[in-house]
Number of protein chains: 2
Amino acid sequence: MDIKTNLMTAAERLFDRNGFTATGMDRLTQAAGLSSRTLYKHVGSKVALMGLVLSEREKRFMARLEVDSIDAVFAVLEGWVRDEGARGCLFLRAYGETGGDMPEISRVVLAHKAAMRAKIADIIAQEVGGNDETNATLTEQIVVLIEGATAAAIYRGPEAVMAARKAAAIIVAQARP
Amino acid sequence: MDIKTNLMTAAERLFDRNGFTATGMDRLTQAAGLSSRTLYKHVGSKVALMGLVLSEREKRFMARLEVDSIDAVFAVLEGWVRDEGARGCLFLRAYGETGGDMPEISRVVLAHKAAMRAKIADIIAQEVGGNDETNATLTEQIVVLIEGATAAAIYRGPEAVMAARKAAAIIVAQARP
DNA sequence: GACAGTGTAAAACGTTCGTTTTACACTTGG
DNA sequence: CCAAGTGTAAAACGAACGTTTTACACTGTC
């Protein structure tokens, strides 16, 4: 098994379950089953590891998001929550824990949010096909619903995502010409 | 000026801007202008201070939320974001940083979420007056929109709250008999 | 004028942090 | 066969962590 992949899987799990700052390097080396020397040779630093974990998660998430309707987006989200549990958006958590002033982190976070937004905008342009202003408003609202479902699922579980899905269906229907 | 109030104002600011775990006690004593001995005599421990800060914020937030329409709720949220900036829900951030397994914290967090939800349910029962099932669904959706506005505002600013407000108006109108 | 109470400054507690280093074992290709 | 590469185990680095302690100054009150 690839050593770096193994490390990053363990790191993502620990960061997600215990927080970034609260997760020490010894916990990481122990969970990944390697020495600190090897870890540092592979990823350089803790901040770099955080960035790599987020980049990897970004790929995994965006791959799942390869759908062509807003309803399907929320179906994906619901599946994600059921598969991986809900502890809040890992990107925003990393951003918050580092105060937003860690370039290596905030770059990945903001890039992820921009990519997600762009994907939603694409789907809306294709599914609804209103004018630019309507589409922009709708995109903003769907993004808010996605963020809200992710956050509320922490304490409400998948039900929050189901509620967001229904709300999205209503505002999409409302915006259709 | 009251010494404990002063401490908690400084603590809330530092926790919010830099994260809970990343904020050390020396940073807190320095910002509040007191010795560590006095700090510990007043609040006991760092975790207790975190709990107190969250309790105080809960009071402040719920006091602002004393309104009687869903639209007004989002107006309050918009004002809050403009006044205090948007770095994500401090309750959920505390929950995430402590892995959810710090009773002193998670109790305050979950209580806050329950209180907010109850307030929203009250407003809906009074403003919309549908049947119980409709009201429950609508409550869940409004809560999701509030969480989403709070989260998305981190990188989208007040615009996210405005979008949530419009979306809320639509789904409330849709639910009215 | 002793008293308890409350504050400060500053050092020290042991632990843990992220990171580097030392020393050694194992493959693998020229 | 040796040289380079890659891995481990474990100690060490200085700094920072949350917390406690020591020593001392200032307030009020009996």
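The basis for the numbers below is simple: all heavy atoms, side chains too, and nothing from hydrogens, waters or symmetry mates. Every chain is numbered from 1 and lettered A, B, ... according to where its sequence line falls, protein lines coming before strand lines.
- Between the C1' atom of D/dG7 and the CD1 atom of A/I3 lies a distance of 7 Å, rounded to the nearest Å.
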Sort me out a list of protein N/O and nucleotides 10-13 of chain C N/O pairs below 3.5 Å, or just none if empty.
none

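- B/F20 is connected to B/L52 through a chain of hydrophobic side-chain contacts under 4.5 Å among Ile, Leu, Val, Met, Phe, Trp and Tyr, so both are in one cluster.
- Computed from coordinates, the B/F20 CZ to D/dG18 P distance equals 13 Å when rounded to whole Å.
- Positionally, the nearest nucleotide of DNA chain C for A/D26 lies more toward the 5' end than for the other of A/G44 and A/D26.
- Considering only side-chain N and O atoms, B/H42 lies nowhere under 4.0 angstrom from the phosphate OP1 or OP2 of C/dT6.
- Of all heavy-atom pairs spanning B/V47 and B/I105, the tightest one is O-CD1, 3.8 Å.
- Distances were taken from every side-chain heavy atom of B/K46 (C-beta onward) to each of C/dT19, D/dG18, D/dT8; the shortest belongs to D/dG18.
- A 6.0 Å sphere centred on NZ of B/K119 holds more than 12 heavy atoms belonging to other residues, nucleotides or ligands.
- Taking atom CG of B/L39 as the reference point, atom P of C/dT8 lies 10 Å away to the nearest angstrom.
- When all heavy atoms are compared, the tightest approach of B/A163 to A/E140 is CB-CG, 3.3 Å.
- Across the protein-nucleic acid pair, A/M25 atom CE and C/dG18 atom C1' stand 7 Å apart, rounded to whole Å.
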Practice prompt. Any chance you could lay out the salt bridge (charged side-chain N to carboxylate O under 4.0 Å, His left out) test for B/K113 and B/E147, step after step, and finish with the verdict?
Written response: CA-CA 10 Å; B/K113 293 306 182 186; B/E147 295 287 5; 2.8 Å; yes
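- Residue B/N6 contributes atom CG, which lies 12 Å from atom P of C/dG7 at whole-angstrom precision.
- Between the CG atom of A/N18 and the C1' atom of C/dC17 there is a distance of 16 Å, rounded to whole Å.
- For B/L14 and D/dG18, the CG to P distance is 12 Å, given to the nearest whole Å.
- Using cut-offs of 30° and 60° for the angle between ring planes, the B/H112 and B/F91 rings count as parallel.
- Using a 4.0 Å heavy-atom distance criterion, A/G33 is classed as a sugar-phosphate-only contact.
- If you take CZ of A/F15 and C1' of C/dG18, they are 12 Å apart, rounded to a whole angstrom.
- Side chain of B/Y40, nearest nucleotide from D/dG18, C/dT20, C/dG7: D/dG18.
- Among the heavy atoms of the strands lying under 4.0 Å from B/T23 are primed sugar atoms or P, OP1, OP2 only; no base atom is included.
- The shortest side-chain heavy-atom distance between B/N18 and B/R27 falls under the 4.5 Å cut-off.
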